[in-house]
2 protein chains.
Amino acid sequence: MSSRTDYVILGLLSIEPHQSGYEMRKTIQGSVGYFWSESYGQLYPTLKRLTAEGLIAPSRRAAKGRGGRQEYSMTAAGHARLKEWLALPYRPDPPRDEFLLKLFFGREAGPGVAVAHVRRFQEDYRQALALIEEIGRVGTAKNAEHPHFRFWNLTLEYGVARMRAELEWSKHALKVLEEMEEEQGTGSRVQGTGRRAGKAGMGKASGRGAKGSKNV
Amino acid sequence: MSSRTDYVILGLLSIEPHQSGYEMRKTIQGSVGYFWSESYGQLYPTLKRLTAEGLIAPSRRAAKGRGGRQEYSMTAAGHARLKEWLALPYRPDPPRDEFLLKLFFGREAGPGVAVAHVRRFQEDYRQALALIEEIGRVGTAKNAEHPHFRFWNLTLEYGVARMRAELEWSKHALKVLEEMEEEQGTGSRVQGTGRRAGKAGMGKASGRGAKGSKNV
DNA sequence: TGACAATGTATCTGGCAGATGTATCTTGCA
DNA sequence: TGCAAGATACATCTGCCAGATACATTGTCA
């Protein structure tokens, strides 16, 4: 069973051949990165393995003189493999949301702390939303005719729709928490510290079928 | 730097003391499981380590005769640690959404395949939404007076809000994809197979700050 | 009472995230 | 033009975690 890293690589090469590992990293950052984070540590070993398996092959685009950089393209086998995987049902990944976890146990630290988290959440998502909307505008202008465009755009719209909902919710949450704060005097603040510059995005996943509904 | 597994354990014990590892697993499934999936393989070693660190301690509730089952409660140190962590800024986890990945590369397999994925997505989320709303009703009836209730309810509302938005989006996506299908004759279908019974949920995360907006 | 199933409890292992390490290119200034 | 300092391109290494698996205990039916 191949890892999903394999398919990210194949997918990227299906859109644009002759890419080096490094270029793929960059491409990922600028596109799928918003819903798929790849492990770069996994990237280079995987390129080697895929080559060994005959799914991709070293290739060279009009020699640009760049030093020891290896570029790859997809083979016919690779293309077949990608299509096969695309047609398989997707596998939901386990959810992991530290923000909600802290909110869930929030009572232990008091509403003041929760308020600070929600504010941070709100700020991050506002920025992320603005960014993704901008990417949407630029991308549409540049790629509207690209054969992949409508698929790309769909994932983008997903991100926008979801972030908008999350922002709406955060306003409500803030109201609730601020009321609680008033009710019981002021709680402590979040111990502020570097908030790794403007980051936020999306990424959905799925939970597990719960039998017991003990504890909410 | 302790793993977040530590804090899930501390958090659960802060709500309900005298739990065994097994009970925690069950509790997780029925509550935080919707946005936080724990590694059960990590659970038991962590219980031992936390005991060694003096953050939790073996405890026994009115002997229920159950065989070799160890129960734990939190120590004062553990409680302090939990509060400290709660006040720290949350760390967004990297996004990983295979559904969106398949949609992004969807062009390779044709709109028919994508349509099937979106339909599955829609079904799963409808179920998940119904389930979580039900849990909300039951939980509210049972716990409305519980001191943690309002925090729990907020995370629940988050889930509901987000799933609703995702369902809305999926209707739009379906329309777009079905149009594409008509335009260019029928694409192939998803290779159906067991869809691990009614599962779905939420889980948000964040992307990374992208400089290059190459692609899309 | 014994056999088999279901459930409770714990450990083991391969794959991955992110930190770190090294080469190569660019720029500013003498 | 030469070269030092930093930026950027590129690759690897390590500790942690998800999920599979193993083992124990309790339930149940003949």
Side-chain angles (χ1 to χ4, degrees), chain A residues 1-9 19-30 32-33 36-51 58 64-72 91-98 101 196 199 201 203 205-209 211-212 214, chain B residues 1-9 19-30 32-33 36-51 58 64-72 91-98 101 196 199 203 205-212 214:
Chain A
M1 188 49 55
S2 344
S3 114
R4 291 176 299 181
T5 300
D6 294 19
Y7 300 108
V8 173
I9 292 174
Q19 291 191 73
S20 69
Y22 187 78
E23 285 171 324
M24 293 180 202
R25 268 168 71 164
K26 287 299 163 191
T27 306
I28 289 171
Q29 277 187 24
V32 285
W36 189 268
S37 92
E38 241 326 310
S39 163
Y40 302 143
Q42 207 59 11
L43 191 53
Y44 296 96
T46 302
L47 286 171
K48 275 179 192 131
R49 185 169 45 75
L50 291 179
T51 304
K64 288 185 59 183
R66 277 344 205 63
R69 154 167 95 181
Q70 189 53 265
E71 291 171 354
Y72 299 88
R91 194 172 83 74
D93 316 81
R96 225 128 207 270
D97 190 326
E98 187 176 306
L101 194 59
R196 339 243 285 326
K199 311 203 164 186
S206 119
R208 36 200 44 52
K211 286 178 197 162
K214 186 179 169 189
Chain B
M1 187 50 56
S2 343
S3 116
R4 293 176 298 183
T5 300
D6 295 18
Y7 300 109
V8 173
I9 292 174
Q19 291 191 72
S20 68
Y22 187 76
E23 286 171 324
M24 292 180 203
R25 266 168 73 163
K26 289 298 164 191
T27 306
I28 289 171
Q29 277 187 24
V32 285
W36 188 267
S37 92
E38 241 327 310
S39 162
Y40 301 143
Q42 206 59 10
L43 190 53
Y44 296 98
T46 302
L47 287 171
K48 273 179 194 132
R49 184 169 45 75
L50 291 179
T51 305
K64 289 184 58 183
R66 279 336 210 66
R69 155 166 93 179
Q70 189 53 265
E71 291 172 354
Y72 299 88
R91 195 171 82 74
D93 315 81
R96 227 131 205 268
D97 190 325
E98 187 175 307
L101 194 59
R196 339 245 284 325
K199 312 203 163 187
S206 116
R208 36 199 44 53
K211 286 178 196 160
K214 185 181 168 188

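Worth knowing before you read on, the calculation uses all heavy atoms, side chains too, and leaves out hydrogens, waters and symmetry mates. Protein chains get the first letters and strands the later ones, always in sequence-line order, with residue 1 at the start of each. Quantities reported herein were computed from a predicted structural model and do not represent experimental measurements.
Nearest nucleotide to the B:S39 side chain, out of D:dC17, C:dT11, D:dA9: D:dC17. In this structure, the nucleotide among C:dT9, D:dT12, C:dC16 sitting nearest to the side chain of B:S20 is C:dT9.
Going from atom CD of A:Q29 over to atom C1' of C:dA17 covers 14 Å, rounded to whole Å. Atom CD in A:Q19 sits about 15 Å away from atom C1' in D:dC10, given to the nearest Å. Atom pair B:D93:CG and D:dC17:P shows a separation of 12 Å (rounding to whole Å applied). Note: CG (B:D6) to C1' (D:dC16) measures 12 Å, nearest angstrom. Atoms CZ (A:R4) and C1' (D:dA18) sit 11 Å apart, rounded to a whole Å. Here the P atom of nucleotide C:dG15 and the OH atom of A:Y7 are 14 Å apart, to the nearest Å. Rounded to an integer number of Å, the gap from B:E98 CD to C:dC16 P is 12 Å. Taking atom CD of A:E23 as the reference point, atom P of D:dT8 lies 17 Å away to the nearest angstrom.
Applying the 4.0 Å criterion to OP1 and OP2 of C:dT9, one finds that B:K26 has every side-chain N and O outside that range. Checking the phosphate oxygens (OP1, OP2) of D:dT12, no side-chain nitrogen or oxygen of A:Y44 falls inside 4.0 Å. The phosphate of C:dA10 has neither OP1 nor OP2 within less than 4.0 Å of any side-chain N or O from B:K48.
Legend: residues meeting side chain to side chain donor-acceptor pair (under 3.5 Å) with B:T5, ordered by chain and number and at least two apart, are B:S3, B:E38. In this view, B:S39 and B:Q42 satisfy the side-chain contact (heavy atoms from CB on, under 4.5 Å) rule, not counting sequence neighbours. Residues passing the side chain to side chain donor-acceptor pair (under 3.5 Å) test with A:R4 are A:D93, B:E98, sequence neighbours excluded.
The nearest heavy atom of DNA chain D to B:R25 and to B:E38 marks one nucleotide each, and the one closer to the 5' end goes with B:E38. Summary of the strand contacts: B:L43 and B:Y22 both lie near DNA chain C, and taking for each the nucleotide with the nearest heavy atom, the more 5' one is attributed to B:Y22.
Side-chain atoms of B:R25 never come within 3.5 Å of backbone atoms of B:Y40 as a donor-acceptor pair (strictly under, hydrogens ignored).
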Every protein N/O lying under 3.5 Å from an N/O of nucleotides 13-15 of chain D:
none

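Atom CZ of B:R91 and atom CZ of A:R96 lie 9.5 Å apart (nearest 0.5 Å).
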**Request:** Given side-chain contact (heavy atoms from CB on, under 4.5 Å), test B:Y7 with A:L101 step by step and report yes or no.
**Result:** CA-CA 9 Å; B:Y7 300 109; A:L101 194 59; 5.7 Å; no

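In this structure, B:Q70 and B:L47 have side chains that are not in contact, with every pair of non-hydrogen atoms separated by 4.5 Å or more.
Remark: the B:R96 side chain and the C:dA17 base include no donor-acceptor N/O pair separated by less than 3.5 Å.
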